[in-house]
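Position 1 is the first residue of the sequence; numbering continues from there. Indexing begins at 1, ligand by ligand and atom by atom, following the structure's order.
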Amino acid sequence: MLQVQQIPALSDNYIYLIHEPVTGATAAVDPAEAEAVLEVLAARAWNLTVILNTHHHSDHVGGNLALKQRTGCAIVGSHWDRERGRIPGIDRGIGDGDVIPLGRASARVLSVPGHTLGHVAYQFANEALLFCGDTLFGMGCGRLFEGSAEQMWTSLSKLRGLPPHTMVYCAHEYTEANGRFALSLEPGNADLIARMRDVEALRRHGRPTVPFTLAEEMVTNPFLRPQSPPLRAALGLMDADDGEVFAEIRRRKDGFRG
Ligand code: ZN
Ligand code: FE
């Protein structure tokens, strides 16, 4: 069994510690900053062995060097970002299909370009955990800073194919704002209405809406639902293919002021 500790950081980031109790191996996913991570490591008496970066943005790698200096951990990130010198302290470049051991557990690397071109996700298949950075968010997806809508749609299609009970650990608490946009497109979606009610209650109490299951996303996240007839009708795209519908949803979200 892996233990996952969620650490809120900066304004709306989440850092994750993943601890494998038999060997004590511990990973930090996207350490935005070092101090918050060091405090949790000390409190739980865990030793950081490796940092897993999903992409090069500063709110995901900001703690890399300080953590490496303080703990001697290794740093893993995509080949693409390594070649461009975009991940501070990186030791190992990885790509699609690579397997990263964490004690007795292991993560499979999924290449998911779109938000950035080197973006990767880490899937612990045996434990059904997915750490997807800024690719998939609660009821949303990452902005297209480097990749095309087509690339992002291919990446999200890959994630859509994972087991529905997969727990998704994304890197930001954006769920509530995303849900408002989702409701503007599918106001009659009963699953969406119910989830939004839960999400609003959690946020009112300052609680995280992450992680969530892929199954929840499949019925509420418009970016995973381009096949939905009501959604297509709202966009006036009844006959477009899924990738075109996705691209239009992404465009509308970029201009949405909820
Ligand atoms: Zn980012
Ligand atoms: Fe980010």
Side-chain angles (χ1 to χ4, degrees), residues 4-18 27-37 51-67 75-90 93-96 107 109-123 129-156 158-159 167-179 181 203 208-212 217 221 223-224 246 249-251 253-254 256:
V4 180
Q5 167 87 47
Q6 181 173 39
I7 306 172
L10 307 181
S11 56
D12 50 33
N13 278 73
Y14 288 124
I15 303 168
Y16 299 102
L17 293 184
I18 313 167
V29 180
D30 284 352
E33 47 160 328
E35 266 327 300
V37 173
I51 288 172
L52 304 176
N53 287 129
T54 63
H55 66 295
H56 69 91
H57 286 159
S58 61
D59 61 317
H60 299 254
V61 303
N64 275 21
L65 291 180
L67 286 170
I75 299 181
V76 170
S78 74
H79 284 303
W80 179 275
D81 287 330
R82 181 177 200 183
E83 283 160 17
R84 282 154 188 79
R86 308 205 289 193
I87 295 195
I90 189 168
I94 43 82
D96 198 55
V109 177
L110 301 168
S111 170
V112 285
H115 177 69
T116 67
L117 287 173
H119 203 300
V120 294
Y122 298 93
Q123 180 203 15
L129 310 178
L130 177 71
F131 297 86
C132 61
D134 290 356
T135 298
L136 177 65
F137 293 128
M139 295 187 271
C141 76
R143 281 179 187 267
L144 304 177
F145 284 119
E146 296 175 13
S148 65
E150 197 179 339
Q151 282 174 314
M152 186 58 128
W153 174 241
T154 302
S155 296
L156 290 176
K158 218 184 248 189
L159 301 185
M167 295 300 292
V168 180
Y169 293 80
C170 62
H172 290 277
E173 180 61 64
Y174 291 160
T175 316
E176 189 173 13
N178 288 339
F181 171 70
R203 295 311 294 155
T209 66
V210 185
F212 41 80
E217 288 301 302
N221 186 331
F223 295 98
L224 299 186
F246 168 80
I249 300 169
R250 189 57 263 177
R251 262 193 301 277
K253 175 67 167 67
D254 290 340
F256 183 73

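- Coordination check, H172 versus the Fe ion (ligand 2): passed, since an N/O/S atom of the residue sits under 2.8 Å.
- Among the backbone and side-chain atoms of H55, an N/O/S atom is found under 2.8 Å from the Zn ion (ligand 1).
- Residues D30 and N53 are in side-chain contact: their nearest non-hydrogen atoms beyond the backbone lie under 4.5 Å apart.
- A salt bridge links E146 with R86: the distance from a Lys NZ or Arg NE/NH1/NH2 to an Asp or Glu carboxylate oxygen falls below 4.0 Å.
- Within the coordination shell of the Zn ion (ligand 1), defined by N, O or S atoms under 2.8 Å, D59 is absent.
- Using a cut-off of 2.8 Å, one finds that D30 contributes no N/O/S atom close to the Fe ion (ligand 2).
- The shortest distance between side-chain heavy atoms of L144 and H115 does not fall below 4.5 Å.
- With a cut-off of 2.8 Å, the Fe ion (ligand 2) has an N, O or S atom of H60 in range.
- Taking a 6.0 Å sphere around CD of E150, one finds it holds 12 or fewer heavy atoms contributed by other residues, nucleotides or ligands.
- Considering the Fe ion (ligand 2) as centre, the angle to OD2 of D134 and to OD2 of D59 is 170° (10° rounding).
- Remark: of the listed residues Y122, F137, Y16, Y16 is the sole one forming a ring pair (Phe, Tyr, Trp, His ring centres under 6.0 Å) with Y169.
- Among heteroatoms of the N, O or S kind in D134, OD2 lies nearest the Zn ion (ligand 1).
- Taking the six-membered ring for Trp and the full ring otherwise, H57 and H119 have centroids separated by 6.0 Å or more.
- For the Zn ion (ligand 1), the nearest N, O or S atom contributed by H57 is named ND1.
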